[in-house]
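Notes to accompany the following structure.
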Amino acid sequence: MAHEKNTRKKGGVGKILLVLVVLLALAVGGALLFAHNEISGNGRPGTEVTVSIPQGSGVSVIAQKLKDAGVIRSAYLFRWYVGQKGAASKLQYGDFTLQKSACSYDAIIAVLSTYAKAETVRVTIPEGTTAIAIAQKMEAAGLCSAEDFLKEANEGDFSEYTFWQYVPDDADAPDRFMKCEGYLFPDTYQFYMGDDPENVIDRFLRNFDNKFTSDLYDALDALNDRLAQRMRENAFTETEIADAKLSLYDLITVASLVEKETARTSESATIASVIYNRLCSKLYPCLEIDATIQYALAERKEILSNADKGVLSPYNTYTNAGLPAGPIANPGMNSIRAALYPAETDYYFYALDTTGVHHFSETYYEHQNFLNELAGKEEEADQQAGTDDENAEQTGDAADTENQTDGQT
């Protein structure tokens, strides 16, 4: 009897194994059939779609673009097939017309391997350009309207980028607040004419994301540790220190201040040191940076008045302690690195000298003495200029008299 039970048990196990083998064979067969049909295409005409492949796209991006457009059903299978064919380097960028779920992979590769480059325009964005100025450049280049650019840049969903989470909610945004400000990385770009504003913005943000590497995130953590220690030394409470911790958005705000205030790149790290010295000081809580006033005003002014410096704005660093509401421009990598790696100084003041570079001071009295000397030099220069003009006028009068005498002779 025991032998009979064992036989039955073995028979039951055998049936289960047989069923599993059959199911596995069906699954493998189904997968192979799907792959065969997918790779071969159905051969029937399908709805035509235009797929735009951005310049610099890898096979993964291209495969996803094709899947999103309905040209293929499996991005993974297409990537694998392209790899098997060794065709990755042949795929071009541009606008391609394909049919939904109809083309074989070989036909798709053949189309994408043709040079179908769309008409492009080259645009250079200098360091320190504001979001509004960039939007105007886009419009001038014929890419899209400035309004559409800013709308997409500030309202589009770019949460795929880690840094986007650090941008504050703009529900209660102040006047002139630009959600994208600071992240539109300055560089030279090739854009497709008539491209969707979303793709244009994505180029800027992807460039920033590539530039701000993990090493720079680590540098930001190290910077926060150093600033926290200095604030403890200056009698800040732990709550104040925690509130003052710099997010990536704050760092880019500092970098934008450095960008707009720096006269020469060699002084960027020193400008950054002044900003941090004030942020870590209870004696000088306000940054008093003219560039933030310029950003707050509707129009840029050559000389700021005392009334300008009293303008009601969260960007006014004369009346508000700490950082402004956000970045005031889009900084380049030199300014970002200066904000991450500031010089070690005891400076709290700076002002432009007569040579066009900044003079730095540790104390208010030293700063005022420099300004007084500068004012004296400017007054002396004005007087000298007036004397030169008077001498030139007298010389001209003498020459006229001599000419008249010659004429009478």
Side-chain angles (χ1 to χ4, degrees), residues 23-122 143 152 156-164 185 187-214:
L23 290 175
L24 180 61
L26 290 174
V28 171
L32 291 174
L33 181 62
F34 170 82
H36 177 270
N37 291 337
E38 174 74 357
I39 291 172
S40 300
N42 61 32
R44 297 189 297 272
T47 305
E48 286 191 344
V49 292
T50 299
V51 182
S52 296
I53 307 298
Q55 186 176 5
S57 298
V59 178
S60 296
V61 173
I62 294 174
Q64 192 60 49
K65 289 277 188 184
L66 294 173
K67 183 181 179 182
D68 292 344
V71 176
I72 61 175
R73 289 181 290 173
S74 173
Y76 172 81
L77 187 60
F78 185 80
R79 293 199 306 269
W80 173 84
Y81 191 76
V82 168
Q84 292 297 308
K85 287 286 188 176
S89 62
K90 298 178 182 179
L91 304 182
Q92 302 292 323
Y93 71 93
D95 296 331
F96 301 90
T97 300
L98 296 161
Q99 295 178 347
K100 288 187 175 182
S101 303
C103 304
S104 68
Y105 280 8
D106 286 329
I108 294 172
I109 291 172
V111 172
L112 296 182
S113 297
T114 59
Y115 193 63
K117 181 181 176 183
E119 184 182 358
T120 61
V121 60
R122 184 182 180 92
L143 287 165
E152 181 61 35
D157 180 12
F158 299 103
S159 55
E160 64 190 278
Y161 295 109
T162 303
F163 61 80
W164 201 250
F185 195 81
D187 208 338
T188 296
Y189 297 87
Q190 286 283 139
F191 294 110
Y192 294 121
M193 293 296 292
D195 200 356
D196 190 288
E198 180 181 1
N199 293 333
V200 175
I201 302 299
D202 189 68
R203 289 284 303 284
F204 283 102
L205 301 185
R206 192 183 333 137
N207 197 6
F208 178 91
D209 194 44
N210 290 336
K211 292 289 194 301
F212 206 91
T213 61
S214 58

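Heavy atoms only: backbone and side chains are in, while hydrogens, waters and symmetry mates are out. Numbers here simply count residues along the sequence, with the first being 1. Note that the coordinates shown come from a computational prediction; the quantities given were computed from them, not determined experimentally.
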inquiry  = Any non-hydrogen side-chain atom of Ile62 less than 4.5 Å from a side-chain atom of Leu66?
reply    = yes
query = Does Ser113 reach the main-chain N or O of Ile109 with its side chain, forming a donor-acceptor pair under 3.5 Å?
reply = yes
ask   = Under the side chain to side chain contact (heavy atoms under 4.5 Å, CB included) test, which residues partner Ser214, sequence neighbours left out?
value = none
inquiry  = Can you list everything that forms a side chain to side chain contact (heavy atoms under 4.5 Å, CB included) with Asn207? Sequence neighbours excluded, please.
reply    = Phe185, Asp187, Tyr189, Lys211
key: Pairs where residues 77-88 contributes a residue and the test side-chain hydrogen bond (donor to acceptor under 3.5 Å, both in side chains) is met, not counting sequence neighbours   = Tyr81-Asp106
query = In terms of the angle between their ring planes, are Phe204 and Phe191 parallel, tilted or perpendicular, with boundaries placed at 30° and 60°?
reply = tilted
request  = Answer yes or no: is there a side-chain heavy-atom contact under 4.5 Å between Phe163 and Phe212?
outcome  = no
remark   = Scanning both residues in full, the closest heavy-atom pair of Glu152 with Ile201 reads CG-CG1, 4.0 Å
Heavy-atom side-chain contact between Tyr105 and Val82 under 4.5 Å = no
ask   = Does some side-chain heavy atom of Val49 sit less than 4.5 Å from a side-chain heavy atom of Thr97?
value = no
Where Val71 and Gln99 come nearest, the two heavy atoms and their spacing = CG1-O, 3.9 Å
message = Are the side chains of Asp202 and Glu160 in contact, using a 4.5 Å heavy-atom criterion?
response = yes
